[in-house]
Amino acid sequence: MQPHALERTVLIRALPSTVFATFTEPARFAAWWGAGSDIDPRVGGAVRIVYPNGVAVSGSVLAIEPERRVVFTYGYENGAGPIPPGASTVEIVLDPHPLGTLLHLVHRFDDASARDAHVPGWRYQLAVFANVAASAQHGDLDDLADRFFAAQTTDGVEARTAAIAALVTDDFTFRDTFACVRGAAEFAQHLEAARAHGAAPAIERTGPVRHCQGTAVWDWVARTPDGGVLVEGTNVVELAPDGRIAAAVGLWALPGR
């Protein structure tokens, strides 16, 4: 056993099946390492990593358990790094978590200085990985935002509740300047109360959704019946690991404030 270990634990906002595929499907593997990277996901299969600067790493798969564990060797080709091919071992263990998947990395080395040299690289690389996995899990977020706004303007409390419930988790929360509610039914009732006070504008997304590791931000505008701008704002949204909306906060750009 190599005596020096670099360990990191990261929460990935995606299901274990998606996280595992990001390690074991060649196209997804290359998406977070770099073009030209590849993995043959079977014991004895080749691993090759090509960093954006052209430095290459090679190794082989030592163990693989679907949706649970991947172990492979890791070392630099042509003397480009501190360890040659086969001189270190990377182990990834995945555990289900209510918010997605808990990823535990152990990279084992013979030399402590080589371990320390890889700390910033793994800090960066797992952030890239978390974004690739979460993006694969959550798909077309522009479409999700559009459906969320359409659900809010559905006529009738029951129909509106059903439309919202299809997009959010059971314990979904929504907060903004005028609301602090939980669940699709309470959110739909809040929107009905707003209508009773004459506020039933059309809401539409403005610009693309921005997304980072399970948190999405989308801008919106509420328009009057004649198409004028009533108010603008931004939603900050937390996504559940299955792609539904777990929480949303509305930030309003209110006139005069």
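Note that the structure is a prediction, hence the values are computed from the model and not measured.
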Sequence neighbours left out, what passes side chain to side chain contact (heavy atoms under 4.5 Å, CB included) with R8? Give chain and number order.
L6, L105, W122, R123, L126
My understanding is that only residues two or more places apart in sequence, or in another chain, count here; which of them pass side-chain hydrogen bond (donor to acceptor under 3.5 Å, both in side chains) with D176?
W252
For residues 84-107, the salt bridge (Lys or Arg N to Asp or Glu O under 4.0 Å) pairs (sequence neighbours left out) are R68-D95, R69-E91, E91-R108
List the atom of A184, the atom of V168, and the distance in Å for their closest heavy-atom pair.
CB-CG2, 4.2 Å
Is L251 isolated, or which residues cluster with it under the ILVMFWY side-chain rule of less than 4.5 Å, directly or via members?
V217, V236, V249
Kindly write out the residues that satisfy side-chain hydrogen bond (donor to acceptor under 3.5 Å, both in side chains) with T18, not counting sequence neighbours, or none if the list is empty.
Q137
May I ask you to test the P96-T101 pair for a side-chain heavy-atom distance under 4.5 Å?
no
Sequence neighbours left out, what passes side chain to side chain contact (heavy atoms under 4.5 Å, CB included) with P85? Give chain and number order.
S58
Residue pairs passing the salt bridge (Lys or Arg N to Asp or Glu O under 4.0 Å) test with at least one member in residues 136-158, sequence neighbours excluded, are D142-R205, D143-R147, D146-R205, D155-R195
Check for me, please, whether V132 and L141 land in the same ILVMFWY cluster - side-chain distances under 4.5 Å, paths through other members count.
no
Could you identify which residues cluster with L11, counting Ile, Leu, Val, Met, Phe, Trp and Tyr as linked when any side-chain heavy atoms lie under 4.5 Å apart, either directly or through a chain of such contacts?
L99, L102
Rounded distance (nearest 0.5 Å) linking atom OG1 of T153 with atom CZ of F149:
10.0 Å
S135: what forms a side chain to side chain contact (heavy atoms under 4.5 Å, CB included) with it, not counting sequence neighbours?
H211
side-chain hydrogen bond (donor to acceptor under 3.5 Å, both in side chains) partners of R244, counting only residues at least two apart:
D242
Once side chain to side chain contact (heavy atoms under 4.5 Å, CB included) is applied, do any residues pair with V55, and if so which ones, sequence neighbours excluded?
Y51, N53, Y76, A80
Relative to the ring of F29, is the ring of W33 parallel (under 30°), tilted (30 to 60°) or perpendicular (over 60°)?
tilted
Pick out which of T89, I92, V90, V119 makes a side chain to side chain contact (heavy atoms under 4.5 Å, CB included) with H107.
V90
Residues in side-chain hydrogen bond (donor to acceptor under 3.5 Å, both in side chains) with E7, at least two apart?
H104
